[in-house]
Amino acid sequence: MNGGPLVGLLVQVTLMNEVKKIKVLHIITRLDAGGSSTNTLETVARLDPAAYEVHLIAGRTHDPLDLVKLNIDQRNISCRFVDELVRNIDPWKDLCAFVRLRRFIRDGKYDIVHTHSSKAGILGRWAAHFAGVKKIVHTPHGHIFYGYFSKIVTLVFLGVERATARITTKLIALTPKGVEEHLALRVGRKEQWVAIPSGIDTDAFKLSMASRLAYRQLLGLGDQDIVLVCAARLEPIKNHRMLIDMLARLAQDHPTIKLVCLGDGADREALVRHAAQCDVASRVVFTGFRQDVASIYSACDIFVMASLNEGMGRSVLEAMAVGLPVAVSNVGGLPAIVTDGVEGLLVSPADLDGWIRAVGSLITDPALRLRLSRAAKKRVNEQYSIVRMVKEIEEVYAGL
């Protein structure tokens with residue numbers, strides 16, 4: 001006897017168990033170039049497909065070259081765009097986005113909803129709550145409690161974040177400092193928080209001498225130029241004006257110095273004018289958004305970031321993985337990845353003389369550059385891989 005009916009039943013039960021996956025929905029406001037969108041896309045694309053069925057919802061991003069769509073298609077990500085999900089406050093669009101999100105979450109019968117950034121974090125978590133989802137996760141990717149809005153507006157946002165944390169199962173910060181800052185502001189409880197640093201694909205960031213020479217030519221840089229690079233949105237919070245002021249002062253002693261601004265944003269035209277006013281327009285290269293970040297890094301010598309507020313600084317990790325010595329602001333999550341004098345140099349974002357001293361020392365001291373870049377590369381390879389990040393997120397999901 002082969003026990004036909006019993007064997008058939010066992011096969012059916014086995015197949016049912018095999019295809020039963022945890023349904024996860026990620027929601028983010030925008031997928032424009034930046035750390036939060038890259039972190040989200042990497043997570044969605046790399047979660048174990050045998051264990052999770054993963055979908056993504058995002059607001060529309062200005063994407064004239066279809067780079068966002070290309071990235072999504074190449075990673076085979078199931079993504080739906082909600083036009084009403086916008087970054088700025090818009091009561092009508094916000095209401096429409098909430099209604100659409102709630103309907104989509106309810107119809108999708110998701111086990112876990114994981115939101116990212118402020119607007120999607122608020123609308124997405126409340127939509128999930130009213131759709132009956134029991135497991136709600138949020139990654140703020142930094143915060144907007146200083147450096148963005150007036151004191152009154154900031155207090156309103158803080159109150160909303162505190163209320164929304166009460167319906168959230170787990171909160172993920174990018175650094176332990178991020179956890180401390182939120183708890184100090186009474187956003188969430190200690191047991192809700194966990195720190196999971198952003199991870200990067202370290203294999204994708206390796207220096208190439210051939211790429212260095214080709215990209216120097218492409219960017220209009222000379223072989224002997226001293227090239228600084230900053231990768232960040234061109235927004236006031238990123239403090240590019242300080243870097244331009246610094247460049248103008250350093251150029252007095254280093255006539256071949258240049259600055260590459262990798263990224264784009266609302267502040268671009270103002271920064272172009274500021275560079276001209278400082279008489280360094282010919283020394284600043286604005287690249288716009290680029291996909292070939294590693295190759296551009298390979299053409300540069302020193303990474304700089306003067307942000308007023310930074311959740312973690314994914315682009316800093318990428319520069320460290322390439323092997324660039326870094327000088328960055330002593331704010332937010334940056335001190336968690338850069339120990340001053342060990343993996344890089346930390347500077348107060350408003351201290352022009354401090355920036356001049358720090359970057360000047362990197363220019364004139366090759367031994368310092370080499371020591372910092374080796375330590376930085378080692379730390380990134382050991383602690384900030386993308387595989388480690390996704391594994392820790394999966395552990396959070398399993399713990400729910």
message: Let's go through Thr40 and His26 carefully: what are the C-alpha distance in whole Å and the side-chain angles of both, what is the deciding distance for side-chain hydrogen bond (donor to acceptor under 3.5 Å, both in side chains) to 0.1 Å, and is it a yes or a no?
response: CA-CA 8 Å; Thr40 303; His26 285 254; 5.7 Å; no

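- Contacts of Arg100 classified as side chain to side chain donor-acceptor pair (under 3.5 Å), with partners at least two apart in sequence or in another chain: Glu84.
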query: Yes or no on ring pair (Phe, Tyr, Trp, His ring centres under 6.0 Å) for His114 and His138, after CA distance, side-chain angles and deciding distance?
result: CA-CA 5 Å; His114 187 161; His138 177 59; 8.0 Å; no

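- Scored by the ring pair (Phe, Tyr, Trp, His ring centres under 6.0 Å) test, Phe81 finds no partners at all (sequence neighbours excluded).
- Screening residues 106-118 for salt bridge (Lys or Arg N to Asp or Glu O under 4.0 Å) gives no qualifying pairs among residues at least two apart or on separate chains.
- Transitive grouping of hydrophobic side chains (ILVMFWY, heavy atoms separated by less than 4.5 Å) keeps Val137 and Leu25 in distinct clusters.
- For residues 35-60, the set of pairs meeting the ring-ring contact (aromatic ring centres under 6.0 Å, His included) definition, not counting sequence neighbours, comprises Tyr52-Tyr397, His55-Tyr110.
- At a threshold of 4.5 Å between non-hydrogen side-chain atoms, the residues Leu368 and Ser361 count as touching.
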Under 3.5 Å, which donor-acceptor pairs link side chains of residues 277-285 to any protein atom two or more places apart or in another chain?
unit_1 : atom_1 : unit_2 : atom_2 : d
Arg283 : NH1    : Pro255 : O      : 2.8
Arg283 : NH1    : Ile257 : O      : 3.0
Arg283 : NH2    : Pro255 : O      : 3.2

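- In this structure, Glu310 does not pair ionically with Lys177, as no charged nitrogen and carboxylate oxygen lie closer than 4.0 Å.
- Salt bridge annotation for Asp301-Arg369: absent, with no cationic side-chain nitrogen under 4.0 angstrom from a carboxylate oxygen.
- Every residue two or more places apart in sequence or in another chain was checked for a side chain to side chain donor-acceptor pair (under 3.5 Å) with Lys23, and none qualifies.
- For the residue pair Ser117 and Thr29, a side-chain donor N or O sits within less than 3.5 Å of a side-chain acceptor on the partner.
- Residue pairs meeting the salt bridge (Lys or Arg N to Asp or Glu O under 4.0 Å) criterion with at least one member in residues 318-328, sequence neighbours excluded, are Arg314-Glu318.
- Between Lys391 and Glu395 there is a salt bridge, since a side-chain N of the basic residue sits under 4.0 Å from a carboxylate O of the acidic one.
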- request: Determine, step by step, whether Lys378 and Glu382 satisfy the salt bridge (Lys or Arg N to Asp or Glu O under 4.0 Å) criterion, reporting the C-alpha distance in whole Å, the side-chain angles of both residues, the deciding distance to 0.1 Å, and the verdict.
  value: CA-CA 6 Å; Lys378 182 175 184 291; Glu382 291 178 354; 2.9 Å; yes

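- A single hydrophobic cluster is seen to contain both Val316 and Leu324, as judged by linkage of ILVMFWY side chains at heavy-atom distances under 4.5 Å, directly or through other members.
- Contact record, Trp193 with Gly188: NE1-CA, 4.0 Å, taken as the closest heavy-atom pair.
- In this structure, Phe98 has no ring pair (Phe, Tyr, Trp, His ring centres under 6.0 Å) partners at least two apart in sequence or on a different chain.
- Residues passing the side chain to side chain donor-acceptor pair (under 3.5 Å) test with Glu394: none are found, sequence neighbours excluded.
- Two different hydrophobic clusters hold Val260 and Ile363 under the rule that ILVMFWY side chains link at heavy-atom gaps under 4.5 Å.
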task: Could you please spell out the steps behind the side-chain hydrogen bond (donor to acceptor under 3.5 Å, both in side chains) verdict for Ser307 and Asn239?
output: CA-CA 5 Å; Ser307 296; Asn239 202 23; over 6 Å; no

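- When the side chain to side chain donor-acceptor pair (under 3.5 Å) test is applied to Glu191, the partners found at least two apart in sequence or on another chain are Arg189.
- Annotation: side chain to side chain contact (heavy atoms under 4.5 Å, CB included) contacts of Arg186 (sequence neighbours excluded): Arg162.
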Which donor-acceptor pairs under 3.5 Å do the side chains of residues 341-354 make with protein atoms, sequence neighbours left out?
unit_1 : atom_1 : unit_2 : atom_2 : d
Glu343 : OE1    : Thr339 : N      : 2.8
Glu343 : OE1    : Thr339 : OG1    : 3.2
Glu343 : OE1    : Arg379 : NH1    : 3.3
Asp351 : OD1    : Asp353 : N      : 3.4
Asp351 : OD1    : Gly354 : N      : 2.9
Asp353 : OD1    : Arg249 : NH2    : 3.2

